[in-house]
Undergrad: 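Here it is, the structure in full.
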Amino acid sequence: LYGWIPTLAATVNYMFIFGASNSYGVFSTYYLNVKFPGTSATTLSWIGTLVTSLMLGCSILTGAMADKCGYRVTAYTGTVICTLAYILASFADEVWELILTQGVLLGIGASFLYAPSTSIPAQWFVKNRGLATGIAVAGSSVGGLWFTAATQTMIDSLGAEWALRVLGILMFAVTSVTNSLYYRRVPAKPRKSLFEMRAAKRLIFWLVSIETCTMYTGYWALTFYVGTNAKHLG
C-alpha cells in the first residue's frame with residue numbers, strides 16, 4: 001500500500017513540472033502585449049520551447065543521476081534550480097534574461113524533477129503499474145488546469161514579476177514535501193553506458209520518436225498562443 005504514497009507525490013510534482021510549461025502561454029500573452037510589445041512572437045517562443053525541450057531532453061542525464069545518487073537527491077536538486085529560475089526571472093528586464101532564466105534554467109531544473117517522478121511508480125507496482133503510472137502522469141493535465149488559471153489571476157492582481165516569485169515559493173514549499181516521499185524499492189542496475197544505442201536499431205523506437213515529436217509540435221504551439229490569438233479576436 002505504501003506505493004501509492006510516492007505515486008501521489010509524483011502526481012503533485014507533475015502538476016508543477018508541466019504546470020510551468022503549460023502556463024507559459026499566459027506569460028507569452030503578457031510579454032507580447034504588455035512587457036515586450038515590440039518583440040516578435042518567434043523570439044519569445046524560445047522561452048517556452050526551451051522549458052519543454054530541456055525538461056525532456058536533459059532527463060537522459062538526470063535519469064542517470066537518479067539511478068546513481070537517488071531519487072530524492074535528484075528531485076531536491078530540481079526543486080532548488082526551479083525555485084531559483086522563477087525568482088531570477090522575476091527580476092528580468094530583457095528578453096534574453098527571460099530566455100536564460102524562465103527558459104533554460106527552469107527547463108533544466110524541471111528535468112531533475114521529471115526523471116524520478118516518471119519512474120517512481122514502476123518501483124512499487126507490478127500488477128497495477130499501468131494504473132499507477134497513469135495516475136502520476138495525470139498530474140500534468142490537472143496541473144495545466146489550475147496552474148494556468150492561478151498564473152493568470154496572479155498576473156492580473158499582482159503583476160507578472162510577483163506571479164513568478166509566488167510560483168517559485170510554491171514550487172519550493174510543495175515539492176520539498178513531496179520529494180521526501182520518494183523512496184526507491186528496487187536497487188538500480190549498474191549502467192554500462194549512458195546511452196542504450198541498441199534501441200536506435202529498432203523501428204519501433206523511431207516510430208514512437210516521430211509520433212511524439214509530431215504530437216508535441218501541435219500541442220505546445222496551441223498552448224503557447226491560444227491566449228494571444230483569443231485576445232486579438234476580442
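Source: prediction; values computed, not measured.
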Undergrad: Does Tyr183 offer a backbone N or O that forms a donor-acceptor pair with the side chain of Trp124 under 3.5 Å?
TA: yes
Undergrad: With sequence neighbours excluded, tell me which residues meet side-chain hydrogen bond (donor to acceptor under 3.5 Å, both in side chains) with Ser40.
TA: Thr43
Undergrad: Less than 4.5 Å apart, any side-chain heavy atom of Val12 and any of Leu8?
TA: no
Undergrad: Drop me the distance from Leu164's CG to Met171's CE, to the nearest 0.5 angstrom.
TA: 11.5 Å
Undergrad: Side chains of Leu113 and Cys82: does their closest heavy-atom pair fall under 4.5 Å?
TA: yes
Undergrad: Against Gln102, only a single residue in Tyr31, Tyr86, Tyr24 fulfils side-chain hydrogen bond (donor to acceptor under 3.5 Å, both in side chains); can you say which?
TA: Tyr31
Undergrad: Tyr182 and Pro6: which non-hydrogen atoms are nearest, and at how many Å?
TA: CE1-O, 3.8 Å
Undergrad: Any side-chain heavy atom of Thr7 within less than 4.5 Å of one from Ile120?
TA: no
Undergrad: How close do Thr151 and Leu167 get, counting heavy atoms only, and between which atoms?
TA: OG1-CD1, 3.9 Å
Undergrad: Is any side-chain heavy atom of Tyr71 closer than 4.5 Å to one of Ser119?
TA: yes
Undergrad: Could you list the residues that satisfy side-chain hydrogen bond (donor to acceptor under 3.5 Å, both in side chains) with Asn128, not counting sequence neighbours?
TA: none
Undergrad: Using salt bridge (Lys or Arg N to Asp or Glu O under 4.0 Å) as the criterion, list what pairs up with Arg184, not counting sequence neighbours.
TA: Asp67
Undergrad: Could you tell me which non-hydrogen atom of Ala85 sits nearest to which non-hydrogen atom of Leu105, and how far apart they are?
TA: CA-CD2, 3.7 Å
Undergrad: Run the side-chain hydrogen bond (donor to acceptor under 3.5 Å, both in side chains) test against Thr133 and tell me which residues pass, sequence neighbours left out.
TA: none
Undergrad: Does Ser117 use its side chain to pair, donor to acceptor, with the backbone of Tyr114 at less than 3.5 Å?
TA: no
Undergrad: Show the nearest heavy-atom pair for residues Thr39 and Leu32, with the distance to one decimal.
TA: O-CD2, 3.7 Å
Undergrad: Do any N or O atoms from the side chain of Thr52 and from the backbone of Thr49 form a donor-acceptor pair under 3.5 angstrom?
TA: no
Undergrad: Could you see if Leu88 belongs to whatever hydrophobic cluster contains Trp162? Use Ile, Leu, Val, Met, Phe, Trp, Tyr and a side-chain cutoff under 4.5 Å.
TA: yes
Undergrad: If you draw a 6.0 Å radius around CZ in Phe36, do more than 12 non-hydrogen atoms from other residues or ligands fall strictly inside?
TA: yes
Undergrad: So which pairs with a foot in residues 18-44 pass salt bridge (Lys or Arg N to Asp or Glu O under 4.0 Å), sequence neighbours left out?
TA: Lys35-Glu161
Undergrad: Determine the minimum heavy-atom distance between Ala132 and Phe125, stating which atoms define it.
TA: CB-CD1, 3.5 Å
Undergrad: Tracing side-chain links under 4.5 Å among I, L, V, M, F, W and Y, which residues wind up in one group with Val80?
TA: none
Undergrad: Checking the side chain of Ser45 only, and the main-chain atoms of Thr42 only, is there a donor and an acceptor separated by less than 3.5 Å?
TA: yes
Undergrad: Do the side chains of Thr29 and Gln152 get nearer than 4.5 Å, heavy atoms only?
TA: no
Undergrad: Taking only residues at least two apart or on different chains, which pairs with a member in residues 135-155 satisfy ring pair (Phe, Tyr, Trp, His ring centres under 6.0 Å)?
TA: Phe16-Trp146, Phe16-Phe147
Undergrad: Let me check something: do Phe172 and Leu170 share a hydrophobic cluster, defined by ILVMFWY side-chain heavy atoms less than 4.5 Å apart, either directly or through other members?
TA: no
Undergrad: Once side-chain hydrogen bond (donor to acceptor under 3.5 Å, both in side chains) is applied, do any residues pair with Ser59, and if so which ones, sequence neighbours excluded?
TA: none
Undergrad: Which other residues belong to the hydrophobic cluster containing Tyr76, where Ile, Leu, Val, Met, Phe, Trp and Tyr are joined when side-chain heavy atoms lie under 4.5 Å apart, directly or via other members?
TA: none
Undergrad: Nearest 0.5 Å please: distance from the CG atom of Leu84 over to the CG atom of Leu106.
TA: 10.5 Å
Undergrad: Do the non-hydrogen side-chain atoms of Phe27 and Ile155 ever get within less than 4.5 Å of each other?
TA: yes
Undergrad: Under 3.5 Å, which donor-acceptor pairs link side chains of residues 91-98 to any protein atom two or more places apart or in another chain?
TA:
unit_1	atom_1	unit_2	atom_2	d
Glu97	OE1	Asp93	N	2.7
Glu97	OE1	Glu94	N	3.1

Undergrad: Tell me who clusters with Leu207, hydrophobic residues only, linked when side chains sit under 4.5 Å apart either directly or through other members.
TA: Leu203
Undergrad: Considering all heavy atoms of both residues, which atom of Thr74 and which atom of Pro116 are nearest to each other, and what is their separation?
TA: CG2-CD, 4.2 Å
Undergrad: Sequence neighbours left out, what pairs pass side-chain hydrogen bond (donor to acceptor under 3.5 Å, both in side chains) with at least one residue falling in residues 168-178?
TA: Asn13-Thr178, Thr79-Thr175
